[in-house]
Amino acid sequence: MQHTEKYSETDLLSQLNEAQRAAVEFCDGPSLVIAGAGSGKTRVLTYKIAHLLEQGLPPYYILALTFTNKAAREMKSRIAELVGEKNARGLWMGTFHSIFARILRNEAETIGFKSNFTIYDTADSHNLLRLIVREMGLDDKLYRPGGVHGQISRAKNSLITPAMYAANSEIIQYDRMAKRPQLFEVYQRYQSRLRSGNSMDFDDLLMQTNILFRDHPKILEKYRNRFQYVLVDEYQDTNFSQHLIVKQLAEEHLRICVVGDDAQSIYSFRGANIDNILKFQSLFPDTRVFKLEQNYRSTQTIVSAANSLIKKNTEQIAKEVFSENEEGEKIEVLETFSDFEESLVVANKIARKRLEAHTPYSDFAILYRTNAQSRVFEEAFRKKNIPYRIYGGLSFYHRKEIKDAIGYFRLIVNPGDEEAFRRVVNYPKRGIGDTTVGKISSAAQQHQVSLWQVLSEPLEYNLDVNAGTAKRLASFQELMDDFIAKNNSMNAFELAREVIKNSGISSEAYSDMTPEGMSRAQNIEELLNAISEFVSTRQEEGNEEVALVDFLSEVSLLSDQDTDNEAESEKVTLMTVHAAKGLEFDHVFVVGMEEDLFPSSMVHSDARGLEEERRLFYVAITRAKKSCTITYAKSRFKNGLTNPATKSRFLKDIDPKYLLMDDKGRGGAKRNDESDSFWGSMREQRLQRDRSKPAYESGYQTAPKNMTPVGKSTPALPLSKEAQTLEEGDIIEHERFGRGVVASIEMSGNDRRAFVEFDSAGKKQLLLKFAKFTIIGTTPISK
DNA sequence: TAACACTTGTTTTTT
DNA sequence: ACAAGTGTTA
């Protein structure tokens with residue numbers, strides 16, 4: 001690819017506006033970049049990393065954390081374009097989960113795991129919890145997997161271990177009120193089951209990292225030194241656990257830059273804590289704050305409308321986002337009779353616009369609050385022959401046949417994996433039913449070993465099964481043992497193919513001639529293709545052996561956003577507002593703008609929740625570059641019933657001078673009142689019931705004292721001896737640039753900066769506090 | 001063990 | 001309306 005020389009430092013910086021450049025150039029301490037919607041946040045992050053690389057900081061000393069694989073991938077490739085692929089190789093850039101999974105694999109033994117641990121996805125966690133609740137004989141209505149998992153997840157993200165959970169009287173009290181007094185024990189069992197199967201759930205990847213750092217200061221020290229510069233994207237979406245990891249890595253050297261927009265914090269329901277960004281400055285006292293306020297994406301009207309909306313929120317960092325683009329059209333607000341009519345109106349508008357203005361379908365997006373709303377639009381688009389693409393729904397890796405195949409892979413890599421065991425032991429059918437698995441399971445629990453352990457030595461654990469079953473068990477065990485043996489000699493693809501062939505998956509899949517069966521077989525083919533591709537990519541990157549475990553650790557942390565890489569086809573996009581975050585479209589339709597839908601009915605009485613919904617609306621509007629249309633229906637089909645609907649309160653929050661209201665001359669007010677009184681009282685009843693549940697949030701978002709590391713804020717690391725003694729004329733060997741001669745040394749601010757002429761890499765400036773090199777001699781003509 | 005009918009709970013979901 | 005989970009039968 002390009003050489004480093006192609007983009008010199010000045011070129012890099014000249015492509016930024018003043019605020020962006022200031023944010024990029026400041027590397028001497030903690031910084032917080034508040035990036036309004038469309039203000040070039042990604043640009044700042046990528047250029048900042050490129051800038052650090054240009055200054056001589058080797059890529060493997062930079063840690064950049066994102067929230068999606070997609071964001072990481074895109075940023076990586078843009079950096080590679082800026083500085084050349086070779087110079088960007090080795091960057092630690094990825095999602096929180098993937099980066100710390102990698103670190104945990106390296107350090108697994110220290111915290112009592114093995115490095116081949118497997119990762120449970122949400123469905124796996126739910127299955128295990130369902131099982132535990134049943135085993136404990138608890139009421140599965142009160143202890144529903146989703147609810148229980150949510151509570152455990154919140155605990156983990158607040159770094160509350162099972163023991164701390166059980167000892168916390170406030171939480172115990174809360175659980176008692178919620179009629180789930182045994183929850184602490186469910187959590188305990190869940191955690192010990194995960195551990196005895198050498199597996200972790202998503203939240204563990206962060207919590208175990210914190211435990212690792214807390215209990216092993218040497219290891220924390222190692223990563224602190226390793227990650228000389230830490231950058232975090234979308235900081236408003238971090239939870240406490242992530243926040244603490246970041247804090248610990250950065251609090252010594254203070255070279256940290258976090259980027260985000262408090263106005264776009266929309267994931268609190270998953271534990272994201274907006275205070276992390278609001279209070280960043282008080283945590284790192286000398287934080288420099290940079291505000292990116294120029295929006296390059298949208299028209300002035302869209303930006304102003306969005307501003308007027310978000311002003312209605314109370315807690316936020318002051319900023320004035322503006323646009324110098326054209327003024328643009330007003331935001332059109334359309335009322336329709338029903339959700340059905342809504343979809344037709346939108347479809348018609350798109351069709352007409354495309355004809356009149358030659359706008360490609362791919363410039364349009366429909367954004368809705370809930371996935372269920374996509375249906376009517378699908379039908380309308382199909383009827384009108386408008387091509388569309390829906391995001392969300394079941395991702396490839398969540399389909400049953402794929403999970404089954406991956407279940408085998410997981411069991412091969414980590415035979416202790418309980419969920420994987422349960423998934424494949426009788427798939428395809430081999431006569432090992434629930435009864436038998438139940439026996440294995442209770443033996444396993446009794447002896448505190450994995451299911452696999454019991455299967456391997458049934459006599460040892462007094463497994464009581466009849467001769468036929470014993471034989472079937474033995475043959476399953478042999479099958480797996482054979483795969484496990486081959487795992488040492490075969491690469492991921494070869495072994496996967498072998499598994500599909502020999503496990504019986506393929507004969508099962510190919511004998512089913514129903515359309516669903518055929519598609520399942522195709523999916524399995526596709527999985528094999530994906531593995532094959534994975535192996536060859538990794539080999540091109542220089543990894544000779546690409547084993548199944550490598551594929552697995554990547555694939556466990558993929559989301560559906562990462563899999564659909566279909567080329568930019570000419571299709572209208574349909575997605576939830578959540579999924580649209582970070583994206584932009586010329587023409588956006590925000591649909592279903594109704595009470596009880598947007599804002600969601602779950603949130604009515606809760607001020608914080610309402611503010612989050614308002615931010616969500618803000619995110620929706622600010623996706624639009626040229627036009628934004630908002631629609632709402634007077635009646636909507638929901639949960640099998642058609643109900644009257646009223647327009648969302650949020651519409652009143654936008655300054656009307658940016659809106660073009662069209663309520664079709666219907667006498668809206670009177671009708672509204674009628675429906676409000678009747679249906680309003682129905683809603684009221686529902687709300688009453690909801691309120692009778694104890695409001696969540698006894699607010700244990702703060703970590704208990706013994707989890708909080710002793711945070712002494714020490715100044716930046718002293719310069720290495722090499723860096724202190726360096727003089728003009730010295731010959732140095734740099735880790736990345738090779739041999740070079742020091743032309744001059746300057747002070748810039750508090751930093752020493754060396755200008756070095758490298759043999760092969762040309763002229764470079766090195767910031768001495770970053771640069772890694774050794775002095776290998778000096779030239780005779782030094783003055 | 002497997003097929004079938006019945007009950008139940010449905011916001012958003014980066015990992 | 002619908003999917004997922006559970007219970008009932010042969």
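Letters A, B, ... mirror the listed sequences (proteins, then strands); counts begin at 1.
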*Between A:S556 and A:R410, do the side chains contain an N or O donor and an N or O acceptor separated by less than 3.5 Å?*
no

*Is A:I432 touching bases, backbone alone, or none of the nucleic acid, heavy atoms closer than 4.0 Å?*
sugar-phosphate

*Under 4.0 angstrom, heavy atoms only, what part of the nucleic acid is A:G582 near: base, sugar-phosphate, or nothing?*
nothing

Would you list the protein and nucleotides 3-10 of chain B atom pairs, both N or O, that sit under 3.5 Å from each other?
from: B:dT10; atom 1: OP2; to: A:R144; atom 2: NH1; distance (Å): 3.3

_Suppose we screen for ring pair (Phe, Tyr, Trp, His ring centres under 6.0 Å). Which residues come up paired with A:F551, at least two apart in sequence or across chains?_
A:F534

_Below the 4.0 Å mark, does B:dT14 have OP1 or OP2 next to a side-chain nitrogen or oxygen of A:N239?_
no

*asked:* Just to verify, what does A:R423 make a salt bridge (Lys or Arg N to Asp or Glu O under 4.0 Å) with, not counting sequence neighbours?
replied: A:D404

Could you write out each protein N or O paired with an N or O of nucleotides 5-10 of chain C at a distance under 3.5 Å?
from: C:dG5; atom 1: OP1; to: A:R130; atom 2: NH2; distance (Å): 3.1

*asked:* Quick check: on DNA chain B, is the nucleotide nearest A:T370 upstream (toward 5') of the one nearest A:T95, or the reverse? Name the residue that is more 5'.
replied: A:T370

_For A:F340, give me all partners under ring pair (Phe, Tyr, Trp, His ring centres under 6.0 Å), at least two apart in sequence or on another chain._
none

*Kindly point out which of B:dT14, B:dT12, B:dT11 is positioned nearest to the side chain of A:R270?*
B:dT14

_Expressed as a whole number of angstroms, how long is the span from A:M575:CE to B:dT14:P?_
11 Å

*Listed by chain and number, what are the salt bridge (Lys or Arg N to Asp or Glu O under 4.0 Å) partners of A:R615, not counting sequence neighbours?*
A:E612

*Can you tell me the distance, in whole Å, between the CD atom of A:E612 and the C1' atom of B:dT12?*
9 Å

*Assign A:D434 to base, sugar-phosphate, or nothing according to its heavy-atom contacts below 4.0 angstrom with the strands shown.*
sugar-phosphate

*Tell me which of A:T435 and A:T238 sits closer to the 5' end of DNA chain B, going by the nucleotide each one is nearest to.*
A:T435

_Test salt bridge (Lys or Arg N to Asp or Glu O under 4.0 Å) applied to A:E107 - qualifying residues, sequence neighbours left out_ = A:K222

*Below 4.0 Å: OP1/OP2 of B:dT13 and any side-chain N or O of A:T576*: yes

_Between B:dT14 (P) and A:L616 (CG): distance, integer Å_ = 14 Å

*Rounded to the Å, how far apart are A:D606 CG and B:dT12 C1'?*
15 Å

_Short side-chain donor-acceptor distance under 3.5 Å, A:Y267 and A:N239_ = no

*asked:* Taking ring pair (Phe, Tyr, Trp, His ring centres under 6.0 Å) as the definition, give me every residue that meets it alongside A:F96, ordered by chain and number, with sequence neighbours left out.
replied: A:F67

*Per A:F637 side chain, nearest of listed nucleotides B:dT13, C:dA1, B:dA2*: C:dA1

*asked:* Whether the A:Q373 and A:T370 side chains hold a donor-acceptor pair (N or O, under 3.5 Å, no angle test) is what I'd like checked.
replied: yes

*Taking NZ from A:K41 and C1' from B:dT14, how many angstroms apart are they, rounded to a whole number?*
12 Å

*Whether A:F269 stacks on the six-membered ring of B:dT12 base, 5.5 Å and 30° limits*: yes

_Partners meeting ring pair (Phe, Tyr, Trp, His ring centres under 6.0 Å) with A:Y368 (sequence neighbours left out)_ = none

*Do you see a donor-acceptor pair shorter than 3.5 Å between the side chains of A:S125 and A:Y190?*
yes

_Rounded interatomic separation in angstrom, taking NZ from A:K581 and C1' from B:dT12_ = 12 Å

*Euclidean distance, atom NE2 of residue A:H578 to atom C1' of B:dT12 [Å, nearest integer]*: 4 Å

*For the side chain of A:S600, counting heavy atoms from C-beta on, which of B:dT12, B:dT11, B:dA2 is nearest?*
B:dT11

*Range-with-range stems for DNA chain B, at least three Watson-Crick or G-U pairs under 3.5 Å*: B:1-10 with C:1-10

_Partners meeting side chain to side chain contact (heavy atoms under 4.5 Å, CB included) with A:Q316 (sequence neighbours left out)_ = A:D262, A:I310, A:N313

_Non-neighbouring partners of A:D204 that pass salt bridge (Lys or Arg N to Asp or Glu O under 4.0 Å), sequence neighbours left out_ = A:K156

*Starting at CD1 of A:I266 and ending at C1' of B:dT14, how long is that distance when rounded to a whole Å?*
10 Å

